[in-house]
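To start, the structure itself, in structure tokens.
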Amino acid sequence: MKPSLGASALQAVWPLAASILIGLIMFKLIGPWSGGFASKVMLVAGINIVLAVSLTIVNGFTGQFSMGHAGFMAVGGYAAAMIVYYGSMRLWGSADFAGGVLSNAGDQVSFTGPFIGKGDWLFIVACLVGGVFAAIAGYIVGLPSLRLRGDYLAIVTLGFGEIVRVLLQGTPDQIQPWKAATAKDVPLYKLPLMLGGPKGFNLLPIYTTLFWVYLAVGLTLILVYRLKASSSGRAFLSIREDEVAAQAMGVDITRYKVRAFVLSSFIAGVAGALYGLDIGAISATELGFQKSFDIIIMVVLGGMGSISGATLAAIILTILPELLRDPPPVWPAGAFVLLVMVIVQAVRKRWNIKSLVVMAIVTAVLEAARQYCVSKGINIAEYRLVIYALMLILMMILRPEGLFGVNEIWDYLGLRSKKLAKRVRRSQKGAAA
Amino acid sequence: MVAATASILMEVSGLSIAFGGLKAVQNFSLRMPKGCLYGLIGPNGAGKTTVFNLLTGVYQAQTGEMLLDGRRLNGLKPHQIAAAGLSRTFQNIRLFGELSVIDNVKLACHLRGRHTLPGTLLRSPYYVGQERAMAARARELLAIFNLDDREDEQAKNLPYGDQRRLEIVRAMATEPKILLLDEPAAGMNPQEKKVLADSIERIRRDFGLTILLIEHDMGLVMDICEQITVLDYGVTIAVGPPHEIQNNPKVIEAYLGAPMDPKELHRIS
């Protein structure tokens, strides 16, 4: 029973098509509609989703503990920035923006450019090459992981991240944009190392927009999910569950661990490229272990191995600190979640009154606290980092396995059991016939 | 009884390993004809599981040679030995607890497939066909042990006896030539043991498997095994068919202790 050619071509292409669609919707509709600040937050959230999901491959699927994810991000980011910056200089003699509509982060109305400009092609190539550079770094770091486990691997990856940071901080000054003409005189082997050193790599042309970020988000989510559901994905998970048993069942754990590192760092490299070309500057100082921990928190909070969990955690952890600056009323969100819970429980015909009551109480308490602060003139924004940390601690006490554990969100919404029920019914019918 | 002319599938000679000063297994030899059901017994700590770990590459033997179908297994990694056709279960159950029952089996089917990253990510026709074949095969194997109706449960949520059976199914999914079962009946009640013995007989017959069995339950071993090796303190003390083993004084001594010398008895009292 082989699928037809058309069906398999569709299988191969629809993730890209869907991702382009998501990107366009975010860029053309949701971005302009929600305004400058909100769309900036969405962009950062998107990059964080890509990072969290990529780290899920190593920390979640194979159960290795990598603490150097920001290092891979830095490798990819710097490589992409270097290609776009010096590439522009060598190819068309200036480091200015040369992209089309899709890369134009500024005013949409007055922009007069092609739909896709020459700079966009350079940008796409830069993102992919950034990913490849990060993947090579991932391969090199993955190799010692053959012998190391747990804490030891964590230390090695932490060390890797710091080595990348220190090396990048030791690079020579960059060629400033107004001296673009001189870039042609610098020998080609020297150019890629002129990355600005401790001052960071600045004044890069900005290409990253909601379109590119959500294109990457869509592709990452779909492809990593396909990976998780595949036989290679099961091999990853088996390593996390029990290395000895995995080997005995014929899984070459060395190969799969390295594979996980390479894939994960490729995606992190692309995310790094998007990150660097979003604010027009990339600085190794910001991509130290602090950044690695931010990503780890997202993965742990979402549930080790859960793609939708990591996604949700990345969104929440990006938006939460911003929301706490000027907290809006809590009750609409609480009421919405309650409504969803009621609908889900009604559909499944399995009532969990306790969960509803808890949710209602939590909403009421949060709302009361907010009202109190507002009436007393207490500025919540000052306490936002404390609140943020407290929420993380509470989360780890109440639900140590993360939001969704290893499962995906639809496992909790009852979609999977419906599918199962359908299959059971079908098999019963088959038996009766 | 296996005919004497049956070809030897697995031949192990002079296998030894010591952990520091402890000689865990000494000079272990084994000749397994194709299709036989071979028992490996011995008191606690005799080195039975160590033998399994040596055969499957978890430990590297310090001396000796292992041949499977004429192929040397020494120095191979566990996954290479699995690929060569040796599969095992574990004494302390080692299922992939968080994975579903069927995924445990599908993971073991993985070994005989071809997996490329582009194929996986783009869902190529080859990949889709292979995944379907794996699922079908996994269900087939699960059905033999009546586990097919629990395929979507997490493995760690299965009752103990089912977990033991799932381990056997998983090991069979690698399409082994030889199946090593490490105390498959541990913790089972007599009824379950009987069912298990029937299943073992059946898979041996239907799949033409050769089976090496470690077991504490003497009844089970004596019933179904054709040939038995007895280990004590890492040394092979007896080899032979069940009825010989049952009456072997050395074996009785190892299990029950030596009959006491009357003089000794006198001195103690």
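Here is the naming used below: chain letters follow the sequence lines, and residue numbers restart at 1 for every chain.
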Short question: side chain of A:R399, backbone of A:G402 - any donor-acceptor pair under 3.5 Å? yes
For the interface with chain B, which of A:G305, A:G233, A:A246, A:S238 has the highest count of heavy-atom pairs at distances below 4.5 Å? A:S238
Parallel, tilted or perpendicular, judged at 30° and 60°: which one describes the rings of B:H110 and B:H115? parallel
Please check if the side chain of B:K48 supplies one atom and the backbone of B:G42 the other of a donor-acceptor pair under 3.5 Å. yes
Proximal to chain A - members of residues 164-172 of chain B, heavy-atom separation under 4.5 Å: B:R170, B:A171
Could you check which of A:S231, A:A248, A:A229, A:G250 has the highest count of heavy-atom pairs closer than 4.5 Å to chain B? A:S231
Are any non-hydrogen side-chain atoms of A:I222 and A:S19 less than 4.5 angstrom apart? yes
Polar side-chain atom of A:R234 near backbone of A:K228 as donor-acceptor pair, under 3.5 Å: no
Interchain contact, A:A9 with chain B, by part (heavy-atom threshold 4.5 Å): neither
Run the side-chain hydrogen bond (donor to acceptor under 3.5 Å, both in side chains) test against B:K106 and tell me which residues pass, sequence neighbours left out. none
Are A:R259 and A:Y256 in a cation-pi contact, defined as NZ or CZ under 6.0 Å from the six-membered ring centre and within 45° of the axis? yes
Looking at B:S100, is its backbone amide N or carbonyl O close enough to the side chain of B:N104 to form a donor-acceptor pair, meaning the two atoms are under 3.5 Å apart? yes
Nearest-0.5 Å distance, CG of residue B:D103 to CD of residue A:E241: 10.5 Å
Taking only distance into account, with no hydrogens and no angle test, what donor-acceptor pairs under 3.5 Å do side-chain atoms of residues 263-272 of chain A form with protein atoms, sequence neighbours excluded?
{"unit_1": "A:S264", "atom_1": "OG", "unit_2": "A:S54", "atom_2": "O", "d": "3.0"}
{"unit_1": "A:S265", "atom_1": "OG", "unit_2": "A:A134", "atom_2": "O", "d": "3.4"}
{"unit_1": "A:S265", "atom_1": "OG", "unit_2": "A:F261", "atom_2": "O", "d": "2.5"}
{"unit_1": "A:S265", "atom_1": "OG", "unit_2": "A:V262", "atom_2": "O", "d": "3.2"}

Of all heavy-atom pairs between B:E192 and B:M188, which one has the smallest distance, and what is that distance? OE1-CA, 3.5 Å
Interchain contact, B:T174 with chain A, by part (heavy-atom threshold 4.5 Å): side chain
For the side chain to side chain contact (heavy atoms under 4.5 Å, CB included) test, which of A:V244, A:I239, A:T62 pairs with A:I253? A:I239
Chain B heavy atoms under 4.5 Å from A:V13: which part of the residue, side chain, backbone, both or neither? neither
So which residues of residues 62-98 of chain B are in contact with chain A at a heavy-atom cut-off of under 4.5 Å? B:P78, B:H79, B:A82, B:S87, B:R88, B:F90, B:R94, B:F96, B:G97, B:E98
